[in-house]
Each structure stands twice: as structure tokens, then as C-alpha cells.
2 protein chains.
Amino acid sequence: MNFTSTEENYIKQIYHLQQEKERVNTNSLAAEMKTRPASVTDMLKKLKNKKLLQYERYRGFKLTEPGKKIALGIVRKHRLWEFFLANKLGFEWDKVHVIAEELEHVSSDELISRLDLFLGNPSFDPHGDPIPDRNGKIPQVKQLNLLSLPLSQQATVSSVTNQTGEMLDMLKHYGIGLGTVLRIIKRFDFDGSLEIRVAKQPPCIITEQVAKNVFVHYAKNTT
Amino acid sequence: MNFTSTEENYIKQIYHLQQEKERVNTNSLAAEMKTRPASVTDMLKKLKNKKLLQYERYRGFKLTEPGKKIALGIVRKHRLWEFFLANKLGFEWDKVHVIAEELEHVSSDELISRLDLFLGNPSFDPHGDPIPDRNGKIPQVKQLNLLSLPLSQQATVSSVTNQTGEMLDMLKHYGIGLGTVLRIIKRFDFDGSLEIRVAKQPPCIITEQVAKNVFVHYAKNTT
DNA sequence: AATTAAATTTAGACAAATCTAAAAATAAAT
DNA sequence: ATTTATTTTTAGATTTGTCTAAATTTAATT
Ligand SMILES: [Mn+2]
Ligand SMILES: [Mn+2]
Ligand SMILES: [Mn+2]
Ligand SMILES: [Mn+2]
């Protein structure tokens with residue numbers, strides 16, 4: 001079956017909201033879609049008709065299995081295009097999302113499989129988010145918030161949740177990007193800020209606000 | 001100003017029809033757009049309102065200068081994406097058009113200028129059609145129909161007008177592609193077919209029907 | 001010049017996606 | 001257990017792009 005861009009955007013957003021809350025409600029979806037609850041209700045009926053949504057009025061809703069499959073396909077396209085934009089065209093990570101928001105709706109399956117191959121079957125997008133494979137399987141990495149990283153445990157930056165230009169600016173200043181290796185030297189309980197060593201640079205201090213948006217991972221048996 | 005995909009498709013198609021006939025008429029545009037004349041009339045009014053079209057009812061129409069600028073921008077995007085699909089993702093030329101038909105509507109200007117750079121600022125798409133530059137300037141090559149090529153004049157294949165899979169199949173069989181060097185050995189007046197030598201292969205015979213879709217160019221002072 | 005044919009436009013309707021305003025259902029507070 | 005507040009849905013309107021059928025204009029024939 002074929003879906004409109006609008007339907008796809010709704011499906012994808014429902015999927016993202018489901019990741020946080022088992023069941024999604026009308027108002028929060030309306031907020032995310034920057035539209036009115038009444039419009040959301042209309043779309044919910046349509047998606048229910050197409051068997052993509054479990055939905056009873058006033059009771060909240062969530063994607064069916066077919067619906068989730070569709071959602072994962074769109075997420076896959078979105079993140080592959082983001083990877084392309086960042087790694088082939090040289091866009092900064094804070095610019096890729098808006099453009100991928102359009103590219104994700106281009107409908108050719110062969111386009112995506114060729115793009116995937118061309119990019120070298122990447123597993124993570126420029127924000128560190130996992131790219132589902134053609135079957136919808138998502139690579140799982142046990143991530144850890146930088147705030148919870150044990151003292152002096154060396155770790156690699158794997159994703160950043162705040163993907164704005166301001167955050168990008170800040171991290172660039174510190175020399176932090178995806179794949180950057182760092183460790184915590186000292187924790188200041190006064191305001192929660194951290195003294196960290198980024199790669200081989202001299203130590204620096206970052207605020208709790210920055211740290212809570214940075215996720216890292218590390219192998220269990222590495223110092 | 002911003003235009004819908006539908007508006008862009010109309011504008012582009014009007015541009016293409018104008019290349020053949022100074023003034024375009026409703027029925028031929030309807031045929032190209034696979035829609036009804038009544039729908040075309042509706043769109044003509046809208047484009048006239050937006051100052052993109054010179055149009056008086058029953059009198060035919062053509063793009064204004066601003067309209068032509070828009071059209072060239074869309075043609076540029078379409079052909080750059082076709083180039084990308086063919087030369088980076090490895091699509092055959094008969095598959096790229098349909099996909100580019102969607103990609104051409106992705107709206108970011110920076111995307112196109114970066115894509116252009118990434119592709120090496122190509123001048124021709126996979127069908128040999130010229131790619132307008134960012135100012136809408138089209139590289140002019142004096143092309144010649146293969147039927148009009150003087151006997152034994154060596155020439156290079158520069159474009160093919162019939163861009164179907166069947167034609168691609170046929171040309172592949174003859175070893176003909178864009179950039180292929182060939183010359184005519186003999187002209188058969190009986191049915192208009194041509195004996196040609198493709199590159200260094202043994203001579204072969206192609207029908208008038210094939211030849212009339214193939215365009216070539218050659219330097220004036222080359223044998 | 002009058003008639004016939006072809007091309008084009010208008011009138012009115014419809015589907016998709018949106019909105020506002022009002023009604024209905026559910027949840028929270030007294 | 002009522003009342004009040006919040007959430008959600010319905011009703012009805014709007015915009016975009018499409019359609020069919022009928023009316024109008026232009027072109028072609030007699
Ligand atoms: Mn989108
Ligand atoms: Mn992303
Ligand atoms: Mn198109
Ligand atoms: Mn082309």
C-alpha cells in the first residue's frame with residue numbers, strides 16, 4: 001500500500017511517542033505535529049481504517065504491527081538520508097533533519113537499498129541514532145548518559161539528544177563529536193558540573209545541562 | 001515564493017512544451033500532465049495570478065521571465081538528481097527519471113548547491129540533456145541527429161531522446177552509450193537504415209527508427 | 001454566411017488535510 | 001457525589017487539486 005507524506009509523518013511521530021509512552025494521546029501528538037487535536041482525530045480514524053492503528057475514541061492509541069513496520073521504514077529512510085547529507089554532502093548535523101524530513105517521503109525502495117549500499121550500510125545517523133535495517137531491525141547499543149559514567153571510565157560519545165545548532169556550537173568548542181573518546185575526572189556536587197578530559201586535550205568543565213544530553217558507551221572490560 | 005509539487009510539475013512541463021512551440025495550448029499540456037483540460041485551466045489561472053504565466057483565455061499561454069527562472073531551477077534539480085542516481089548509485093538511465101520526478105521537489109537550495117559540488121558540477125544528465133547552472137544558464141552544444149551526420153564523419157553520442165528501457169536495451173546491444181564514438185559507413189536509401197562503426201567494433205546496421213533518436217556532436221576540424 | 005467540429009472554459013461536486021467552535025466524554029477537585 | 005477542568009471528538013467550513021457535464025469560444029467545413 002501507498003501512503004501520503006502527511007500519513008507518513010503521523011505514523012513516524014506516533015512511533016517516536018510510543019517509545020516513551022506505551023499508549024499515545026491526541027494532544028501530545030497534536031503538539032508534536034504542530035497541528036490541532038481535531039485534525040489529529042481525523043487522521044487517527046483514517047489510520048485505523050487502514051489497519052495501521054489500534055484506536056478507540058477517548059482511549060488513546062498505538063501502532064499495530066503493520067503500522068510499526070511502516071514507521072520503521074520511514075525512520076530508516078530519514079536516517080539514511082541524514083547520513084548522506086552529513087557524510088557525503090558535508091552538512092552540519094543541525095541542518096540535516098529538516099531536509100531529511102522531505103527526502104524520507106521519496107517512495108522508491110530500490111533507491112533506499114542502493115543508497116544504503118552507497119553509504120556503506122551505516123548503523124547510526126549523524127546524531128548517533130540507530131538506523132533500522134531493511135527488515136526493521138534496530139542495532140542495539142547499551143548507551144549511558146554522560147552523567148552516569150563512572151569516574152575515569154574511558155568512553156566514546158555515541159549520541160546527542162539535543163540536536164540544535166547551539167548545542168553543536170558548544171560541543172564543537174569543547175572538541176566533542178560522535179566517536180570522541182573522553183572520561184570524567186571530577187564531579188562537582190555543587191552544581192552537577194563535570195571536569196572531563198576530551199581525547200588528549202587539557203581537562204575542561206562542562207555543565208550538567210550539557211552533560212545530560214550526551215550519551216556514551218564503553219566496552220565492559222576496557223579501562 | 002514557494003510552490004507546491006503540483007505547481008512545479010506544471011511549470012516544468014509548460015517550459016518543456018515551450019521549447020517546441022512558442023505558445024502552449026491547454027489540451028497538449030493536459031495530455032502531458034495526464035490530467036483533464038478543465039484541471040489545466042484551473043491551474044493556469046493560479047499560475048497567472050502568481051505572475052508566472054502570460055495567459056488570456058482561449059488564446060494559449062507561455063511562461064513569464066520569472067516563470068522561466070522557476071522552471072529552469074526545477075529542471076536543474078531534476079537533472080542533478082538523475083546524474084546522482086546514475087553515476088553514484090548505479091541506476092540505469094531508464095530508471096532515474098521517475099525517481100528524480102520526486103526528488104526535484106525537495107526544497108533546500110543549499111542541498112542542491114552541495115549536491116552539485118559533490119557531483120563535480122556536471123553539465124549533462126544521464127540522457128545527455130544539459131543541466132542548467134545556478135543562474136539558469138544552459139550549456140549549449142550544437143547537436144546533430146545521427147541521421148544527418150555526414151558519411152564517415154567521426155562523432156560522439158551526446159544524447160538520446162527516447163529514454164525507455166527498450167531503447168536502452170537496444171543501444172546496449174550495439175555497444176552505444178553516451179560518449180561513444182562512431183561514424184556512418186553507408187546509408188541505405190531503401191529503408192533509411194545505416195551501417196555504422198561503433199568505436200572499434202565490427203560494423204553493424206541500425207534502423208532509421210533507432211538513428212533518429214540518437215544525437216551526436218563533433219568538432220569542426222576533426223576527421 | 002451558416003453549420004459543424006474542436007478546443008477551452010465554467011459550474012458544481014468531491015477527496016484530502018486543515019481549521020474553529022461547540023458538544024461529549026473522561027479525569028480531577030471539591 | 002457533584003461540580004469543575006481537561007481531553008477528545010464532532011460539526012461545519014476552507015484550501016488545493018481533481019473530476020464530469022454543460023456552456024462558450026474559436027476553428028474548420030460546407
Ligand atoms: Mn517528513
Ligand atoms: Mn537523526
Ligand atoms: Mn516532479
Ligand atoms: Mn534526463
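Side chains are part of it too, since the values below use all heavy atoms of this structure and drop only hydrogens, waters and symmetry mates. Residue numbers start from 1 in every chain, and the chains themselves are labelled A, B, ... in the order their sequence lines are given, proteins ahead of strands.
Residues that satisfy the salt bridge (charged side-chain N to carboxylate O under 4.0 Å, His left out) test with B:Glu56, not counting sequence neighbours, are absent from this structure. Applying the salt bridge (charged side-chain N to carboxylate O under 4.0 Å, His left out) test to B:Glu166 and every residue at least two apart in sequence or in another chain returns nothing. With sequence neighbours excluded, the residues satisfying salt bridge (charged side-chain N to carboxylate O under 4.0 Å, His left out) with A:Glu104 are A:Lys12.
Looking at residues 6-13 of chain A, you'll see A:Thr6, A:Tyr10 sit with a heavy atom under 4.0 Å from some atom of DNA chain C.
One finds a side-chain N or O of B:Thr35 lying less than 4.0 angstrom from the OP1 or OP2 phosphate oxygen of D:dC19. For B:Asn27 and C:dA6, the shortest distance from a side-chain N or O to OP1 or OP2 is not below 4.0 Å. Between A:Ser39 and C:dC19 there is a side-chain polar atom (N or O) within less than 4.0 angstrom of OP1 or OP2. The phosphate of D:dT8 has OP1 or OP2 within less than 4.0 Å of a side-chain N or O from A:Asn25.
Residues B:His217 and B:Lys142 are not in side-chain contact: their nearest non-hydrogen atoms beyond the backbone lie 4.5 Å or more apart.
Between A:Met43 atom CE and D:dT9 atom P there is a gap of 14 Å when expressed in whole angstrom units. The distance from atom CZ of A:Arg36 to atom P of D:dT7 is 14 Å, rounded to the nearest whole Å. Straight-line distance from the NZ atom of A:Lys34 to the C1' atom of C:dC19: 18 Å, rounded to whole Å.
The residues B:Glu208 and B:Lys212 are annotated as not salt-bridged, no charged nitrogen and carboxylate oxygen being separated by less than 4.0 angstrom.
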Distances under 3.5 Å between protein N/O atoms and the N/O atoms of nucleotides 9-12 of chain C, please, pair by pair.
{"unit_1": "C:dT9", "atom_1": "OP1", "unit_2": "B:Tyr55", "atom_2": "OH", "d": "2.4"}
{"unit_1": "C:dT9", "atom_1": "OP1", "unit_2": "B:Tyr58", "atom_2": "N", "d": "3.0"}
{"unit_1": "C:dT9", "atom_1": "OP2", "unit_2": "B:Thr26", "atom_2": "OG1", "d": "3.0"}
{"unit_1": "C:dT9", "atom_1": "OP2", "unit_2": "B:Thr41", "atom_2": "OG1", "d": "2.9"}
{"unit_1": "C:dT9", "atom_1": "O4'", "unit_2": "B:Tyr58", "atom_2": "OH", "d": "3.4"}
{"unit_1": "C:dT10", "atom_1": "OP1", "unit_2": "B:Arg57", "atom_2": "NE", "d": "3.3"}
{"unit_1": "C:dT10", "atom_1": "OP2", "unit_2": "B:Lys45", "atom_2": "NZ", "d": "2.7"}

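Taking the ring centre of B:Phe84 as origin, the terminal cationic atom of A:Lys88 falls outside the region bounded by 6.0 Å and 45° from the ring axis.
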Result block: side-chain N/O donor-acceptor pairs under 3.5 angstrom for residues 119-128 of chain B, not counting sequence neighbours:
{"unit_1": "B:Asn121", "atom_1": "ND2", "unit_2": "B:Asp116", "atom_2": "OD2", "d": "3.0"}
{"unit_1": "B:Asp125", "atom_1": "OD1", "unit_2": "B:His127", "atom_2": "N", "d": "2.6"}
{"unit_1": "B:Asp125", "atom_1": "OD1", "unit_2": "B:Gly128", "atom_2": "N", "d": "3.1"}
{"unit_1": "B:Asp125", "atom_1": "OD1", "unit_2": "B:Asp129", "atom_2": "N", "d": "3.0"}
{"unit_1": "B:His127", "atom_1": "ND1", "unit_2": "B:Glu82", "atom_2": "OE1", "d": "3.1"}
{"unit_1": "B:His127", "atom_1": "NE2", "unit_2": "B:Trp93", "atom_2": "O", "d": "2.9"}

Quick one: do B:Asn25 and B:Ser28 satisfy side chain to side chain donor-acceptor pair (under 3.5 Å)? Show the steps, please. CA-CA 6 Å; B:Asn25 55 318; B:Ser28 52; 2.8 Å; yes
